Amino acid sequence: MAINESMSLSEIFATYDGAKKNLAQNVEAVKNSGQKIAAIFCTYTPREVIHAANAYSVSVCATGDNAVVEGEKYLPKNLCPLIKASYGFAKANKCPFVRNSDIVIGETTCDGKKKMYELMGEFKDVHVMHLPHFKSQKSLEIWQDEVRELKERLEAKFGVKVSDEELRNSIRLFNKERELMGEIQNFMKLTPPPMNGKELHALLYGNGFIFDKKEQISDLEIIVEKLKECVRDKISPVHKDAKRIIITGCPSGGVYDKIVPAIEEAGGVVVAYENCTGTKNFSNLVDENDDPINAIAKRYMAIPCSIMSPNKERENVLQEMIKEYKADGVIDVVLQACHTYNVETANIKRACNDVDTPYMALETDFSTSDAGQIKTRLEAFIEML
Ligand code: BJ8
């Protein structure tokens with residue numbers, strides 16, 4: 001779907017908006033060309049290892065109520081919608097990414113996901129990495145072994161040998177991508193920023209559905225230059241007095257439509273996503289001077305997800321972001337039955353209170369039935385800021 005310099009920013013945003021659909025239409029042809037594909041579920045998956053094994057990786061977290069209905073044929077109703085949708089879509093053979101993947105890679109993150117992988121293993125080749133939930137030296141050593149085992153598993157599966165040099169090359173490319181994503185995110189520190197939260201989300205989400213790493217990087221470089229031009233020419237779709245909101249919590253892909261447009265129509269602007277579509281995905285680089293396996297393990301282990309215990313880093317990161325992005329409010333998105341993020345709302349609320357920033361928790365699922373109620377609550381929140 002490559003973009004080019006002659007495109008306007010709005011054309012570029014539209015292209016990224018359609019990136020998932022575009023890849024869904026093309027993934028079968030990619031697969032038939034002989035390319036290996038790994039389906040992944042989580043930001044903890046060390047994608048450099050997959051890349052170094054000459055395979056593409058793609059997130060297969062499904063969204064939408066239809067996919068949830070499929071999932072509920074096999075899984076309990078009171079389970080996180082992301083798990084139900086992802087399993088349901090895959091089991092019904094409707095997810096083109098899972099269907100065309102050679103392997104599914106999961107991690108022992110939350111209980112629902114790890115039990116779902118057992119069921120998925122009945123119809124796909126599933127490799128589950130043991131992700132420890134305490135951040136300690138012992139955990140890091142376990143995780144380093146898991147990263148090494150993933151490399152060996154992929155070598156055996158795809159009949160390749162991954163050298164340290166190939167891993168280092170992948171590390172450099174992924175670091176470059178992260179730096180560019182960070183640069184794009186940094187534009188949101190400006191008042192007003194050169195894009196709104198819908199456009200930022202389109203870039204962050206769409207970027208995950210571009211297979212070719214070099215194309216992905218050169219596209220991001222074009223976007224950075226375009227955004228610089230907007231700043232220079234003082235072009236912004238955002239009112240300078242718009243209330244600046246940070247979204248934190250569970251992955252927001254499946255609930256984006258109910259939340260982000262409602263915030264921005266009510267006079268707010270989403271300046272950052274402290275979640276797996278946003279900063280969790282590209283903060284922190286892999287140390288290019290360390291042993292590649294150890295360096296990869298360290299970077300991924302540091303992700304401040306609620307499945308870690310304790311998870312003080314998320315509070316620290318959020319407080320730092322509130323300062324940097326001059327946030328007026330924080331909205332904590334919790335998917336129904338996601339216990340770890342739900343319990344953590346108490347800590348996140350306290351962290352926001354400590355820096356005098358209004359906070360709201362929003363528990364929802366992938367249905368549209370609560371869209372009106374959410375809109376009303378968001379309007380009231382923005383109005384009181
Ligand atoms: S790194 S946020 S992608 S685990 S599936 S924990 S919403 S109950 S997705 Fe996640 Fe990795 Fe963490 Fe990110 Fe809750 Fe649902 Fe579990 Fe979920």
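Every number for a ligand or one of its atoms is a count from 1 in the order of the listing. As the structure is a computational prediction, the values presented were derived from the model and not from experiment. Side chains are part of it too, since the values below use all heavy atoms of this structure and drop only hydrogens, waters and symmetry mates.
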For Tyr44, the ligand 1 atoms whose distance to one of its heavy atoms is below 4.0 Å: 1 (S)
Show me which atoms of ligand 1 lie under 4.0 Å from any heavy atom of Thr43. 1 (S), 3 (S), 11 (Fe), 13 (Fe)
Considering residues, nucleotides and ligands other than Phe134, do more than 12 of their heavy atoms fall under 6.0 Å from its CZ? no
What is the number of protein N/O/S atoms located under 2.8 Å from atom 14 (Fe) of ligand 1? 1
Check whether more than 12 heavy atoms from other residues, nucleotides or ligands sit under 6.0 Å from atom CG of Asn66, and answer yes or no. no
Candidate pair Glu320 and Lys323, rule salt bridge (Lys or Arg N to Asp or Glu O under 4.0 Å), full reasoning: CA-CA 5 Å; Glu320 198 51 42; Lys323 245 189 281 160; 3.6 Å; yes
Whether His51 and Phe174 hold their rings parallel, tilted or perpendicular, with breakpoints at 30° and 60°: perpendicular
With heavy atoms under 4.0 Å as the rule, classify the contact between Cys42 and ligand 1 as side chain, backbone, both or neither. both
Using a 4.0 Å cutoff against the non-hydrogen atoms of Pro251, which atoms of ligand 1 qualify? 2 (S), 9 (S)
Numbered atoms and elements of ligand 1 in range of Cys305, under 4.0 angstrom, heavy atoms: 1 (S), 2 (S), 4 (S), 12 (Fe)
Any ring pair (Phe, Tyr, Trp, His ring centres under 6.0 Å) involving residues 235-284? Give me the pairs, sequence neighbours left out, ordered by first then second residue. His201-Tyr256, His201-Tyr273
re atom 13 (Fe) of ligand 1, the protein heavy-atom contact at minimum distance is Cys276 SG, 2.2 Å
Spell out, as yes or no, whether a donor-acceptor pair under 3.5 Å connects the side chain of Lys213 to the backbone of Leu173. no
Under 3.5 Å, side-chain donor or acceptor atoms of residues 154-162 against the rest of the protein: list the pairs with distances, not counting sequence neighbours.
residue : atom : partner : partner atom : Å
Glu155  : OE2  : Lys151  : NZ           : 3.2
Glu155  : OE2  : Val162  : N            : 2.8
Lys157  : NZ   : Asp102  : O            : 3.3
Lys157  : NZ   : Asp125  : OD2          : 2.8

Tell me the salt bridge (Lys or Arg N to Asp or Glu O under 4.0 Å) pairs involving residues 103-113, sequence neighbours left out? Asp111-Lys114
Do the side chains of Glu152 and Arg148 get close enough for a salt bridge, i.e. N-O under 4.0 angstrom? no
